[in-house]
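Below: one structure, written as structure tokens.
Values below: every heavy atom of this structure, side chains too, minus hydrogens, waters and symmetry copies. So that the names make sense, note that chain A is the first sequence line, chain B the second, and so on, each numbered from 1. Owing to the predicted nature of the structure, the values given are computational and were not obtained by experimental measurement.
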There are 2 protein chains.
Amino acid sequence: MTDKCGTLGSVPRSGADARRRLQQAALELYQERGFDRTTSAEIAARAGVNERTFFRHFPDKREVLFDGEADLRAALMQSVAEAPGELPALDALLHAFRRAAQILEDNRAFREPRLRIIAATPTLRERELAKAAMLTDALAEALRQRGVADRLAGLAAATGWATFHHAAQDWIDDPSRSLEKHLLQAFDDLRGLAS
Amino acid sequence: MTDKCGTLGSVPRSGADARRRLQQAALELYQERGFDRTTSAEIAARAGVNERTFFRHFPDKREVLFDGEADLRAALMQSVAEAPGELPALDALLHAFRRAAQILEDNRAFREPRLRIIAATPTLRERELAKAAMLTDALAEALRQRGVADRLAGLAAATGWATFHHAAQDWIDDPSRSLEKHLLQAFDDLRGLAS
DNA sequence: CCGCATTTGTCAGTCACTGGCGCTACGGGC
DNA sequence: GCCCGTAGCGCCAGTGACTGACAAATGCGG
């Protein structure tokens, strides 16, 4: 019934490949019709697989857009761990965020359509916030492993992430300056606020 | 077919009353069976109304638990506006949070079961994060109306809220000290981090 | 060539949520 | 007392996200 081999010929059905096609199809459809006007069946159809397969690769419709987040988290945690030994908490975070900024700037074109879709869809913003919360938890844990006092780690991670996020927002609104510039300014602003 | 007037007799069907019964029923069922093991039909049945009525009062299953949030937001914004004139941004926020802390401490028993349910349910945590994001946006706006620089308002609101939330978390873990104590300590910690 | 594991297709089912329609109870104007 | 507009509700039918179970296919080592 489905054009399993009809449209694309004998595609390498390696599993990871279907996953990529599903991500691509979802991204396209979310752009064309908007998130809530595209059904999971449509995504699966464009990817050339069954609807059920979609939910085997992703737990729900939203998660398709949040796939690289685990990598970002890992990179951030590693950067925090590798930060110069006696740097205080916020500086260690800034060190990690500068690395993350590099990554974000490199594949900006790649992430931009995704950001627009998320920004336009409340339910996707919710999911994004949840991912951010998981990320700050991970950052707090990384700070603790650095020796940051248990009580301070969570607070430092939360405020640090808020500052990073704020910088990223500024960068989106004004891409003429680099993310790193925005980041440094945001951390300066933070210290100014708390003085 | 339904026991519309059968079980409870001629209840005052004033609309706002059905809403309260729905909230109560949902809270009970979420406690008894957990959020995802209770259906909207069950909530409606216990409240003595039709399932459709549930969705007339609340846009979705989660929102039942987040009803007072608008009040909290209004109270916070008013407190920020009423804060002594030349207080810097973070201090104005602290002023508002101390008022909010009073409110939270007063109906702690009222909110505690709700917190447990939310903490135990990922999808409810997502919604809570979304509400918090709306709240920080409102705080940023309140700060701007106070004359806080446009660029700083968002950052101050985000870090301030993170600090408040952190204090509230500490308070839940250690209720022997007052929320206000935790709040003051958290803001001290924040200034310590940024020094 | 044969099991064996992984991936997928198919089907049936649950449940959140929506639109539409008709009923009914209530409050105000006459 | 009567009419009428409105608001809240019950009811029904429908869409769409997601799940569990089972069978078919695909590819790989023996």
Readout for nucleotides 12-19 of chain C: B = base within 4.0 Å of protein heavy atom, S = sugar-phosphate only, - = neither; 5' to 3' it is ---SSBBB
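For the pair B:Arg98 and B:Glu180, the salt-bridge criterion is met [side-chain N within less than 4.0 Å of a carboxylate O]. With respect to A:Arg99 and A:Glu82, a salt bridge is recorded, a charged nitrogen being found less than 4.0 Å from a carboxylate O. Checked for salt-bridge contact, B:Arg127 and B:Asp60 meet the test: a charged N lies under 4.0 Å from a carboxylate O. Between A:Glu128 and A:Arg125 there is no salt bridge, since no side-chain nitrogen of the basic residue lies less than 4.0 Å from a carboxylate oxygen of the acidic one.
Of the side-chain N and O atoms in A:Thr53, one or more sit less than 4.0 angstrom from OP1 or OP2 of C:dG9. A sub-4.0 Å separation between OP1 or OP2 of D:dC11 and a side-chain N or O of B:Asn50 is present. A close approach under 4.0 Å does not occur between any side-chain nitrogen or oxygen of A:His57 and OP1 or OP2 of C:dT7.
Summarising the geometry, the separation between CZ on A:Arg37 and C1' on D:dA17 is reported as 18 Å, rounded to the nearest angstrom. What separates CZ of A:Arg19 from P of C:dT6 is a distance of 17 Å, to the nearest Å.
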I'd like a table of donor-acceptor pairs (distance under 3.5 Å, sequence neighbours excluded) in which one partner is a side-chain atom from residues 185-194 of chain A, with atom names and distances.
from, atom 1, to, atom 2, distance (Å)
A:Asp189, OD1, B:Arg151, NH1, 2.9
A:Asp189, OD2, B:Arg151, NH1, 2.2
A:Arg191, NH2, A:Asp91, OD1, 3.1

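With side-chain heavy atoms closer than 4.5 Å counting as contact, directly or through intermediates, the hydrophobic cluster containing B:Leu129 also holds A:Leu129.
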